[in-house]
Amino acid sequence: MSITVNTKYVEDFISKMQLASLKKKVKECHDMLHNKTGEGAEFTGWVDLPVQYDKEEFEKIKIAAEKIKRQADILIVIGIGGSYLGARAVIDMFKNPFRRTNKTEVIFLGNQISSEYMTSLLYHIVDKDIAVNVISKSGTTTEPAIAFRILKDFMERKYGKEYAKTRIYATTDKEKGALRKLAETEGYETFTIPDDVGGRFSVLTAVGLLPIAVADVDIDELMEGAALARELYNQPDNEAYKYAIYRNALYKIGKKTEIMVNYEPHMHYFTEWWKQLFGESEGKDHKGIFPAGVDFTTDLHSMGQYIQEGRRDLFETVLHIKNSRAEFIIKEDKENLDGLNFLAGKSMNEINEKAMQGTVIAHYDGNAPSLIVDIDEITPKNVGELIYFFEKACGISGYLLGVNPFNQPGVEEYKKNMFALLGKPGYEEKKKELEARMKF
């Protein structure tokens, strides 16, 4: 097991009676999830996905990834939310941010609506060979649909319609939707988003696996780690449930904001994936822990003061990677003008570790408790386990909270308003109503 949860810096905040009550309820939540008797059960295919995935499509993904690497300098992944965050999180964990090699670069698009970003991207790729992986269950989600319309036109002008279609890969619904229809009409190579796996739980499907494979991350090892996690977290007493129990116990005593903390820059987008996973799963019925994220030690110089002495309704979950993939030793300087010779002979990893330990203790003393998720090291196998760890914890935590963790009814409201204000047919009355209320 590569993941353990250290609760030493939260135990003084929570009563044994609270923990006992939640532990008892976890057994019910576990049975609801595994017996598919809880709300949203139709979207719990991710539970057994690490062993029950489509092996034929998995091999097809690896073949397509090799093809893309041969034909393209850049793969542009078009998607939003769960259609890109998981893949970006995993890819960022393994890429060197400064090295430009002959490998295919993976760029993400369709996760915002920015003319400046789009213009810069088109300028960047004008003399590059590109491939596109468009990811959408429906094909009509506004942000990726706009991006794909523009990139499709760009590619057809660059390569011609017939050749362009060999460079477009669609990950979408198995049978229905605008993107499925277009893909079949145009002849794009397609991959399937399973009906029983929601977007924020989809990183271990073709949604995440194709771009991850193009980035040369071993997806066999990724799935092996997730399969191990499925086995480890298959009983009511496990580390993932421990995390769910303690965060809910903290919520019950008024700790309503959870800040995920990482101490490595390559973990930034893992935090972004986690924020969507828990925010979209739990933020319902006016309930839920608000998920936030910080990159330490960087954000200790911007958010540290607030966490130390601001409102006391928050707690932290620290991602602690015990073994780094690199080592850099601080040398002695004869002049010692910066006064740092006391660090000579120490590695930056040791300094980072002591910064983490000192911060946890300081925040604990300031009434901001910390859960610490210990991870042995960042490998594809361990990352597969880490992904499943948080997915399983999220499902259980949502049930503990008393919400359906597998739907997202609230995200439709802004879309209706946006469509009306943009003049989409059928929204005429809504448009008049909103324009009368606008104060911009």
Side-chain angles (χ1 to χ4, degrees), residues 1-4 46-55 57-69 75 77 82-97 99 101-106 108 133 135 171 191 197 200-233 239-240 260 262-274 277 319-327 349 373-393:
M1 178 168 58
S2 70
I3 300 170
T4 55
W46 57 270
V47 173
D48 295 317
L49 181 69
V51 294
Q52 294 184 0
Y53 60 92
D54 185 333
K55 308 300 191 297
E57 178 161 88
F58 188 78
E59 292 305 314
K60 183 182 164 189
I61 288 169
K62 290 193 283 187
I63 292 169
E66 292 303 315
K67 178 184 173 185
I68 291 168
K69 285 188 282 185
L75 171 66
V77 179
S83 294
Y84 96 101
L85 279 170
R88 182 156 192 179
V90 175
I91 290 169
D92 273 20
M93 287 186 206
F94 295 98
K95 78 175 185 181
N96 183 321
R99 183 181 299 164
T101 68
N102 293 327
K103 293 181 179 179
T104 300
E105 182 183 8
V106 180
F108 294 89
N133 177 206
I135 306 168
T171 306
F191 299 90
V197 179
R200 58 191 176 274
F201 291 86
S202 67
V203 60
L204 297 176
T205 72
V207 169
L209 293 178
L210 180 57
I212 290 169
V214 171
D216 281 336
V217 179
D218 191 324
I219 62 173
D220 286 295
E221 289 190 17
L222 197 71
M223 295 303 288
E224 184 182 344
L228 171 64
R230 175 186 171 274
E231 187 67 26
L232 289 171
Y233 311 139
E239 293 297 296
M260 176 166 278
N262 71 75
Y263 281 80
E264 289 289 348
H266 64 251
M267 297 299 291
H268 174 84
Y269 268 94
F270 187 83
T271 299
E272 295 301 303
W273 171 80
W274 170 87
L277 181 68
L319 294 177
H320 175 220
I321 302 167
K322 294 192 286 186
N323 297 294
S324 176
R325 294 171 293 191
E327 195 78 54
N349 293 327
V373 178
D374 289 316
I375 308 152
D376 287 343
E377 60 183 331
I378 296 299
T379 66
K381 184 176 178 181
N382 288 351
V383 169
E385 182 183 343
L386 188 64
I387 288 167
Y388 193 88
F389 170 93
F390 280 113
E391 288 182 343
K392 196 69 182 291

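It should be emphasised that the depicted structure is a prediction, and the values quoted were computed from it without experimental measurement. Hydrogens, waters and symmetry mates play no part in the numbers below; they use all other heavy atoms, side chains included.
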Residues forming a ring-ring contact (aromatic ring centres under 6.0 Å, His included) with Tyr84, sequence neighbours excluded: Phe108
Do [X] and [Y] touch side chain to side chain, with heavy atoms closer than 4.5 Å?
| X | Y | result |
| --- | --- | --- |
| Glu105 | Leu75 | no |
| Met267 | Met93 | yes |
| Val47 | Arg230 | no |
| Phe270 | Asn262 | no |
| Leu204 | Met223 | yes |
| Tyr53 | Asp48 | no |
| Val203 | Ile212 | yes |

With rounding to the nearest 0.5 angstrom, report the [atom1] to [atom2] distance, [X] to [Y].
| X | Y | atom1 | atom2 | answer |
| --- | --- | --- | --- | --- |
| Asn133 | Thr171 | CG | OG1 | 4.0 Å |
| His266 | Phe94 | NE2 | CZ | 8.0 Å |
| Lys322 | Ile375 | NZ | CD1 | 10.0 Å |
| Glu272 | Leu277 | CD | CG | 13.0 Å |
| Leu222 | Thr379 | CG | OG1 | 9.5 Å |
| Leu209 | Lys60 | CG | NZ | 13.5 Å |

Does the ring centre of Tyr388 sit less than 6.0 Å away from the ring centre of Phe201? no
If I compare all heavy atoms of [X] with all of [Y], which pair ends up nearest, and what's the gap?
| X | Y | answer |
| --- | --- | --- |
| Val77 | Val106 | CG2-CG1, 3.7 Å |
| Val51 | Ala227 | CG1-CB, 4.0 Å |
| Ile135 | Val207 | CD1-O, 3.5 Å |
| Trp273 | Arg200 | NE1-O, 3.6 Å |
| Ala213 | Lys69 | O-NZ, 3.9 Å |
| Ala215 | Ile91 | CB-CG1, 3.7 Å |

Quick check: does any side chain N or O of [X] sit under 3.5 Å from a backbone N or O of [Y], one acting as donor and the other as acceptor?
| X | Y | value |
| --- | --- | --- |
| Asp374 | Ile321 | no |
| Asn323 | Asp376 | yes |
| Ser202 | Thr205 | no |

When Glu239, Glu385, Lys392 are each screened for side-chain hydrogen bond (donor to acceptor under 3.5 Å, both in side chains) with Tyr233, the one that passes is Glu385
Counting heavy atoms not belonging to Glu231, are there more than 12 under 6.0 Å from its CD? no
Please name all residues satisfying side chain to side chain donor-acceptor pair (under 3.5 Å) with Arg88, sequence neighbours left out, ordered by chain then number. Tyr269
Are any of the side-chain nitrogens in Asp220 or Lys62 under 4.0 Å away from the carboxylate oxygens of its partner? yes
Evaluation steps, salt bridge (Lys or Arg N to Asp or Glu O under 4.0 Å), between Lys95 and Asp216: CA-CA 9 Å; Lys95 78 175 185 181; Asp216 281 336; over 6 Å; no
